[in-house]
There are 2 protein chains.
Amino acid sequence: MQPAKARARKPSPVATRRERVQSKEDAIIAAAHKSLTTRGFAKTTMAEIARKAGVAEGTLYLYFNNKDALARAVLAVFYKRLTETAKTGVAKCATTRQRLEFLARHHLESIIGERRLLELIASDVRNTQAYEGSDIYKMNREYVAVFDGVMRDGAWRGEIEDSAAQWIKRDIFFGSLEYSMRTLLMKKRSSKKDISAVVAELVKLLMGGAGARVEPISGHALVKAVDRVDAAASRLERLSTVKM
Amino acid sequence: MQPAKARARKPSPVATRRERVQSKEDAIIAAAHKSLTTRGFAKTTMAEIARKAGVAEGTLYLYFNNKDALARAVLAVFYKRLTETAKTGVAKCATTRQRLEFLARHHLESIIGERRLLELIASDVRNTQAYEGSDIYKMNREYVAVFDGVMRDGAWRGEIEDSAAQWIKRDIFFGSLEYSMRTLLMKKRSSKKDISAVVAELVKLLMGGAGARVEPISGHALVKAVDRVDAAASRLERLSTVKM
DNA sequence: TTTAACGACTGAGTGATATTCATCATATAT
DNA sequence: ATATATGATGAATATCACTCAGTCGTTAAA
């Protein structure tokens, strides 16, 4: 077996040329990833990346046309990994509710960890006129397709309402999570609990709010009404004691 | 009247020194706004802004410490205007549902128009360690407070459930809208209809889901009775304060 | 009136950084 | 061994945010 290895001209322990190039590219991407996620796009310099990767500055441009392209490459491996883990995670869940919960928590935790990469999407990639058709666009499509699949399947099984358009639900799902990330990052402590709260609420909304719908409706309104009667009574009492 | 004018040393028709400085600052911000919204942060140069504003490059630094600060100033006038129009718009709406619909549409249309400014929030401002306590942070707080007020009031009236934490609802609201913006910008045609669809769905979710739920609550006999007690209390209050 | 001080402003100059390119090094092919 | 192609280099270039020594007009003081 291993015909590729067997056909190698050189019996030397060093890798083939192609492998060497590949590993160098990997090293560059890894170095760029580290700098981008720790210092952000604006503050990372090509010189810094080159140093971390152990290559000359000019070498970076043999592998990537410019800083943007390098950042996009970093984003690409992030998306690839994100999509893979999302797919395998969903496959392990039995119900639609569990799948959505997993996807939400998975997305939220992932983007909290790599928050700085989201800058790139917002400020850089999305602005290019040629975003559609780009690699990043395709990867994004593939990633959100996981969510779409779960929702479609859930609707087919009758586990969730499918009233609204799919793209709207998708935007609500990912939009809420990305915005929540900002809030969570600003809160000093707490995390686990807050993440769970966001996930639970979001899933509840997307599932149609079904679980909580039956009882609370009349009960909820009733409680509110009682509160208001109570408040109104207090106001009346105050008036009467003042004796106008 | 107009003691300031009367006290002015010079009767000349030109503006006072302070006014001249102010109008120059306005010109700089306007120029920066134009460049930032049309070309994005990275591609606008200080030289370009200076040219548009009709001042020397060095002058920009008399008014703003650096490019970031100038961008933040642009963001500030955007927030100020956004908050004002949001407040006045909400005041004109009678029901919670209408208020939320107005806020959602208002936010979505505004950020579609000034989409490039959102970059600044995401990629620049939010990264600074000192974001809390900054002017932009305060303005953001004031803006989202409009939404918070509407939600709180709606919960008080019993028009909406207030099961989830307020900050979660807030993130869902603004997050969904900002993400939807991206989708809407990528769709070739259509706008009005899609905006309405997003707004409707989002409001439906925040109001507690099912459309059928709204009717029974307000139609409930108890709620009507509460309205009457509430109104009666208010009338008495008015009467008593007038007399005293 | 002359002089000094001040505030607003200028734009050539500085430093940092992305990007290029002439050149070198090594491996592969003949 | 020589030639060729591939990979790599880092000094040089271009761009751009930012600085600063100096100008100009106005006000205050002598």
Side-chain angles (χ1 to χ4, degrees), chain A residues 4 7-29 31-32 35-36 39-74 119-120 123-124 128, chain B residues 4 7-29 31-32 35-36 39-74 119-120 123-125 127-128:
Chain A
R7 206 183 299 136
R9 312 293 162 97
K10 263 208 172 172
S12 76
V14 306
T16 126
R17 179 187 296 221
R18 186 179 191 87
E19 283 170 341
R20 260 180 289 132
V21 167
Q22 181 62 47
S23 83
K24 189 152 284 189
E25 181 174 314
D26 292 346
I28 292 174
I29 290 180
S35 289
L36 286 174
R39 308 180 29 112
F41 183 81
K43 286 190 179 174
T44 68
T45 68
M46 295 300 271
E48 179 188 344
I49 294 172
R51 188 160 29 79
K52 272 210 183 78
V55 300
E57 229 171 313
T59 306
L60 299 180
Y61 293 87
L62 295 178
Y63 290 83
F64 305 96
N65 284 328
N66 49 40
K67 195 179 174 185
D68 283 8
L70 177 49
R72 258 181 268 125
V74 170
E119 274 183 49
L120 305 179
S123 70
D124 217 81
T128 68
Chain B
R7 206 183 300 137
R9 313 293 163 95
K10 263 208 169 169
S12 76
V14 305
T16 133
R17 181 186 295 220
R18 187 178 191 86
E19 285 170 340
R20 260 180 289 133
V21 167
Q22 180 62 46
S23 84
K24 190 152 284 188
E25 182 172 315
D26 292 346
I28 291 174
I29 290 181
S35 288
L36 287 175
R39 310 184 26 126
F41 183 80
K43 286 191 180 173
T44 67
T45 68
M46 295 301 270
E48 178 188 345
I49 294 172
R51 189 159 28 81
K52 272 209 183 79
V55 300
E57 224 174 315
T59 306
L60 299 181
Y61 293 88
L62 296 179
Y63 289 83
F64 305 96
N65 283 328
N66 48 41
K67 193 180 175 185
D68 283 8
L70 176 49
R72 260 182 266 124
V74 170
E119 273 183 51
L120 304 180
S123 70
D124 217 80
V125 182
N127 284 338
T128 69

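Chain letters run A, B, ... following the sequence lines, proteins first and then strands; every chain starts at 1. Please read these numbers as outputs of a predicted model, since none were measured by experiment.
In this structure, B:R18 places its CZ atom 14 Å from C1' of C:dG7, rounding to the nearest Å. The distance from atom CZ of B:R20 to atom C1' of D:dT26 is 9 Å, rounded to the nearest whole Å. Between A:Y63 atom OH and D:dG7 atom P there is a gap of 7 Å when expressed in whole angstrom units. In this structure, the NZ atom of A:K67 is 15 Å from the P atom of C:dT20, given to the nearest Å. The separation between A:L60 atom CG and C:dT17 atom P is 15 Å, rounded to whole Å. Look at CE on A:M46: it is 10 Å from P on C:dT20, rounded to the nearest Å. Between A:E48 atom CD and C:dA16 atom C1' there is a gap of 14 Å when expressed in whole angstrom units. Regarding B:K24, its NZ atom lies at a distance of 8 Å from the C1' atom of C:dA8, rounded to whole Å.
Listed for the B:K52 side chain is no donor-acceptor partner under 3.5 Å among the backbone atoms of B:A47. Although no hydrogens or angles enter the test, the distance criterion places a donor-acceptor pair under 3.5 Å between the side chain of A:S23 and the main chain of A:R20. Using modelled atom types, no side-chain atom of A:K24 and backbone atom of A:T59 make a donor-acceptor pair closer than 3.5 Å.
Across all strands shown, B:L62 has heavy atoms under 4.0 Å from base atoms, whether or not it also approaches the sugar-phosphate. Backbone-only contact: B:T45 has heavy atoms under 4.0 Å from sugar-phosphate atoms and none from a base.
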Structure string for DNA chain C in dot-bracket form, Watson-Crick and G-U at under 3.5 Å, | interchain
||||||||||||||||||||||||||||||
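Atom CG of B:N65 sits in a sparse spot, with 12 or fewer heavy atoms from other residues, nucleotides or ligands closer than 6.0 Å.
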Before you tell me yes or no, could you show the steps for B:L36 and B:E119 under side chain to side chain contact (heavy atoms under 4.5 Å, CB included), namely the whole-Å CA-CA distance, both residues' side-chain angles and the distance that decides it to 0.1 Å?
CA-CA 10 Å; B:L36 287 175; B:E119 273 183 51; over 6 Å; no
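Here D:dT9 is the nucleotide among C:dA18, D:dT9, D:dT19 with the atom lying nearest to any side-chain atom of A:T59.
Across the interface with DNA chain C, nearest-nucleotide mapping of B:V21 and B:E57 shows B:V21 to be the residue nearer the 5′ end.
Screening B:E48, B:R51, B:M46 for a side-chain contact (heavy atoms from CB on, under 4.5 Å) involving B:E57 leaves a single residue, B:M46.
At a threshold of 4.5 Å between non-hydrogen side-chain atoms, the residues B:Y63 and B:V55 do not count as touching.
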